[in-house]
Amino acid sequence: MAIPSALGLQPGLSADDGDRRMHARFTATAEGAAQRAALADALAQQDANFNALGIELGHHYVSDGITADGESAPRGADPELDYVPSTTPGSPLPHAWVARAGHPQISTLDLVGHGRFTLLTGIGGERWRDAAAGLGVDVVVIGPGQEVEDPYGDWAEARGTDEAGCVLVRPDHHVAFRSMHAPGLDATAELGAAVDRAFARTRPADLEPHPEHLETTP
């Protein structure tokens with residue numbers, strides 16, 4: 001009731017009386033100044049209610065479908081209010097401004113989703129790219145002269161990996177797996193294990209991957 005009270009509104013007040021009381025904030029009177037100050041104070045009290053970005057964007061979970069990498073998701077001074085972008089597996093993919101042909105400013109959030117798994121990598125991540133293609137996972141390469149460029153350096157700051165590392169994003173925009181560096185000798189096995197884990201399935205080593213399984217969110 002802090003905001004209605006600041007405006008002079010009370011239960012049982014008629015509509016006409018309510019309009020007259022609210023109009024005071026437009027006037028150069030002591031009543032108007034007091035109402036404006038009270039309203040500003042009431043709005044400040046609601047800041048945590050309407051701007052709890054830590055809750056809205058900083059959620060993170062651990063499950064058998066997430067390939068953990070031993071890193072904990074960063075937390076702000078006030079976990080409810082402060083949002084710290086992170087690609088820690090289990091976290092939602094951070095927003096960063098990047099550029100693509102015909103789109104000088106596009107969010108990383110628009111590069112993923114669409115009912116598909118997407119692998120984000122950079123220059124030097126060719127093995128990740130080839131492994132993802134063999135598994136039916138969409139691939140986006142971000143870097144100078146690539147399909148998507150990072151002109152502001154926003155993605156380089158948010159990705160949490162080397163440019164040759166990778167971030168595997170589920171259709172719901174949550175990170176399922178990431179690797180800080182270029183892959184080892186068998187990127188297909190490493191990435192394939194992460195995809196299988198995301199779908200809670202076990203695939204025999206000699207069974208070819210089935211890209212159609214990647215069409216829907218687990």
Side-chain angles (χ1 to χ4, degrees), residues 1-63 65-66 71-116 118 120 140 142 148-161 167 169-176 178 217:
M1 293 298 294
I3 292 176
S5 295
L7 294 172
L9 304 180
Q10 300 172 351
L13 200 66
S14 70
D16 289 340
D17 287 341
D19 286 342
R20 281 191 290 271
R21 292 193 181 186
M22 291 180 63
H23 184 72
R25 74 183 191 280
F26 302 115
T27 63
T29 63
E31 181 186 5
Q35 190 177 96
R36 289 190 292 274
L39 182 59
D41 182 63
L43 291 173
Q45 293 177 32
Q46 297 300 311
D47 184 63
N49 185 30
F50 293 119
N51 298 297
L53 296 184
I55 292 176
E56 296 175 16
L57 299 175
H59 50 285
H60 169 269
Y61 67 91
V62 176
S63 80
I66 299 295
E71 295 289 330
S72 299
R75 305 294 294 273
D78 186 330
E80 293 186 355
L81 300 182
D82 301 329
Y83 167 55
V84 181
S86 171
T87 59
T88 304
S91 300
L93 181 72
H95 154 76
W97 288 121
V98 292
R100 185 167 59 186
H103 300 277
Q105 192 174 63
I106 185 172
S107 173
T108 48
L109 302 181
D110 293 322
L111 302 177
V112 302
H114 314 295
R116 301 280 296 177
T118 305
L120 305 178
V140 177
I142 304 175
V148 176
E149 300 202 41
D150 184 22
Y152 315 106
D154 289 353
W155 173 241
E157 183 176 351
R159 70 190 176 206
T161 71
V167 177
V169 186
R170 302 185 337 177
D172 64 357
H173 288 200
H174 275 262
V175 176
R178 73 174 175 181
T217 305

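Along the sequence shown, the residues carry numbers beginning at 1. Side-chain atoms are counted along with the backbone in the values below, which use heavy atoms only and exclude waters and symmetry mates.
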Side chains of Thr161 and Arg178: donor-acceptor distance under 3.5 Å anywhere?
no
Once the angle between the rings of His95 and Trp97 is folded into 0 to 90°, is it parallel (under 30°), tilted (30 to 60°) or perpendicular (over 60°)?
perpendicular
Return the minimal non-hydrogen interatomic distance between Ala99 and Pro104, and the atom names on each side.
CB-O, 3.4 Å
Do Leu120 and Leu93 have side-chain heavy atoms sitting under 4.5 Å apart?
yes
Got more than 12 heavy atoms from elsewhere within 6.0 Å of CD, Gln46?
yes
To check you understand the geometry: which heavy-atom pair defines the closest contact between Pro89 and Ala176, and what is its length?
CB-O, 4.3 Å
Euclidean distance, Asp78 CG relative to Ile55 CD1, rounded to 0.5 Å:
8.5 Å
Answer yes or no: is there a side-chain heavy-atom contact under 4.5 Å between Ile142 and Leu111?
yes
Taking atom CD of Glu71 and atom OG of Ser86, what is their separation to the nearest 0.5 Å?
9.0 Å
Between Thr108 (side chain only) and Pro94 (backbone N and O only), is there a donor and an acceptor less than 3.5 Å apart?
yes
Please report the shortest heavy-atom distance between His174 and Pro92, naming the atom on each side.
ND1-N, 3.8 Å
Report yes if the side chains of Leu81 and Leu53 come closer than 4.5 Å at any heavy-atom pair, otherwise no.
no
Chi angles and distances behind the side chain to side chain contact (heavy atoms under 4.5 Å, CB included) call for Thr88, Val175:
CA-CA 7 Å; Thr88 304; Val175 176; over 6 Å; no
Just by distance, no angles: are the side chains of Ser107 and Asp110 close enough, under 3.5 Å, to form a donor-acceptor pair?
no
Distance in Å, Asp19 CG paired with Arg21 CZ, rounded so as to fall on 0.5 Å steps
12.0 Å
Nearest atoms (heavy-atom pairs only) where Met22 meets Arg25:
O-NH1, 3.0 Å
Note: Thr27 and Thr29 closest approach over all heavy atoms is OG1-OG1, 2.9 Å
So do Leu7 and Leu39 actually touch side chain to side chain, heavy atoms under 4.5 Å?
yes
Rounded distance [0.5 Å steps], OG1 in Thr87 versus CZ in Arg159
10.0 Å
Distance col, row Trp155:CH2 vs Glu149:CD, nearest 0.5 angstrom, shows 15.5 Å
Does atom CD of Gln45 have more than 12 heavy-atom neighbours from other groups under 6.0 Å away?
yes
How far apart are the closest heavy atoms of Gly8 and Gln35, and which atoms are they?
N-NE2, 4.4 Å
Distance from His60 atom NE2 to Ile66 atom CD1, nearest 0.5 Å?
7.5 Å
